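Everything numeric in this text was worked out from a predicted model, so none of it was measured. Hydrogens, waters and symmetry mates play no part in the numbers below; they use all other heavy atoms, side chains included.
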Amino acid sequence: MATEIDFLREQNQRLNEDFRRYQMENFSKYSSVQKAVCQGEGDDTFENLVFDQSFLAPLITEYDKHLGELNGQLKYYQKQVGEMKLQLESVIKENERSELSRQKLHTQELLSQLEMANEKVVENEKLILEHREKANRLQRRLSQAEERAASASQQLSVITVQRRKAASLMNLENI
């Protein structure tokens, strides 16, 4: 509210200055009564000024001129704000595209890492399967070797028993 009052005071002061300047420029055109009012003679200078229509027309003209300038500035600034909004929207869209590109790149990197990890998993699964097969083959060979060893042990036992019998029979024959 205070800033509006200050603004209006400044506007009023500017308009009064414009009006005085206009009066001084056109002083020769005024009647003697108007000259007395402009020079401050008389009791109610302001009232005389307000009621004298010849003073109001230039003031209104100057006010309209000043208002036109302000409207022109307003339109210019509105145009500037509009252009800035468009630029801001463009920058925002570019940032969004940039962010999407960055996220897409990051996603591609993660997918690449995931693919490599999957390849390693598949490779490790193959190695585990190969080692299992090898362990199974070794287990079968070990079982077969144990079976042969057990069979050989039985044969050896049979042969040992047969030799002892044969040695006992030989000993009996020698006696």
Side-chain angles (χ1 to χ4, degrees), residues 1-140:
M1 184 75 172
T3 56
E4 291 175 14
I5 291 171
D6 291 340
F7 173 74
L8 290 173
R9 281 186 186 146
E10 288 175 16
Q11 268 306 82
N12 187 27
Q13 192 174 27
R14 263 190 252 124
L15 289 172
N16 283 334
E17 288 171 8
D18 289 342
F19 180 63
R20 281 190 196 100
R21 184 174 26 89
Y22 179 80
Q23 284 178 330
M24 292 305 168
E25 289 172 2
N26 299 305
F27 191 69
S28 61
K29 298 177 190 175
Y30 296 147
S31 67
S32 60
V33 174
Q34 290 174 331
K35 288 180 183 177
V37 170
C38 288
Q39 292 173 346
E41 295 175 10
D43 300 355
D44 297 330
T45 305
F46 181 71
E47 287 180 13
N48 290 336
L49 195 65
V50 171
F51 290 112
D52 189 348
Q53 295 296 321
S54 64
F55 287 119
L56 287 179
L59 182 60
I60 291 171
T61 304
E62 191 64 31
Y63 177 76
D64 286 343
K65 178 181 168 187
H66 186 68
L67 193 59
E69 290 172 1
L70 290 176
N71 281 333
Q73 287 179 351
L74 178 64
K75 287 179 183 177
Y76 172 77
Y77 290 133
Q78 286 174 336
K79 181 180 176 185
Q80 292 287 56
V81 167
E83 290 174 0
M84 291 178 86
K85 281 182 181 179
L86 290 176
Q87 290 174 350
L88 180 63
E89 288 174 7
S90 174
V91 167
I92 288 171
K93 286 178 183 178
E94 183 64 30
N95 285 346
E96 288 172 351
R97 282 192 298 264
S98 177
E99 179 63 19
L100 288 175
S101 295
R102 189 191 64 75
Q103 287 178 352
K104 183 178 179 182
L105 226 166
H106 183 66
T107 302
Q108 288 174 344
E109 290 173 1
L110 290 176
L111 285 174
S112 175
Q113 291 174 358
L114 183 62
E115 287 176 8
M116 289 189 324
N118 283 338
E119 289 173 3
K120 285 185 178 183
V121 166
V122 168
E123 186 179 318
N124 287 339
E125 287 175 348
K126 284 181 183 178
L127 288 173
I128 290 171
L129 187 62
E130 288 174 7
H131 286 296
R132 245 188 224 145
E133 289 174 0
K134 190 174 183 179
N136 287 339
R137 282 194 309 267
L138 289 174
Q139 187 63 39
R140 282 194 301 271

Atom pairs and distances, donor-acceptor, side-chain atoms in residues 72-92, under 3.5 Å, two or more places apart:
from: Tyr76; atom 1: OH; to: Gln80; atom 2: NE2; distance (Å): 2.9

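Considering CG of Asn136 and NE2 of His131, their distance stands at 13.0 Å, rounded to 0.5 Å. How far CG of Leu15 is from CG of Leu8: 10.5 Å, rounded to the nearest 0.5 Å. Interatomic distance, Glu125 CD to Asn118 CG, rounded to the nearest 0.5 Å: 9.5 Å.
Glu94 pairs by the salt bridge (charged side-chain N to carboxylate O under 4.0 Å, His left out) definition with Arg97, not counting sequence neighbours.
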Could you check Asn12 against Arg9 for side-chain contact (heavy atoms from CB on, under 4.5 Å), going step by step and ending with a plain yes or no?
CA-CA 5 Å; Asn12 187 27; Arg9 281 186 186 146; 5.6 Å; no

Between Arg14 and Glu10, is a side-chain contact (heavy atoms from CB on, under 4.5 Å) present by the stated rule, with each step listed?
CA-CA 6 Å; Arg14 263 190 252 124; Glu10 288 175 16; 3.8 Å; yes

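Residue pairs meeting the side chain to side chain donor-acceptor pair (under 3.5 Å) criterion with at least one member in residues 103-114, sequence neighbours excluded, are Glu99-Gln103.
Proximity of Glu17 to Gln13: side-chain heavy atoms (C-beta onward) are separated by under 4.5 Å at one or more points. Leu70 has its side chain within reach of Gln11: a pair of non-hydrogen atoms, C-beta onward, lies under 4.5 Å apart.
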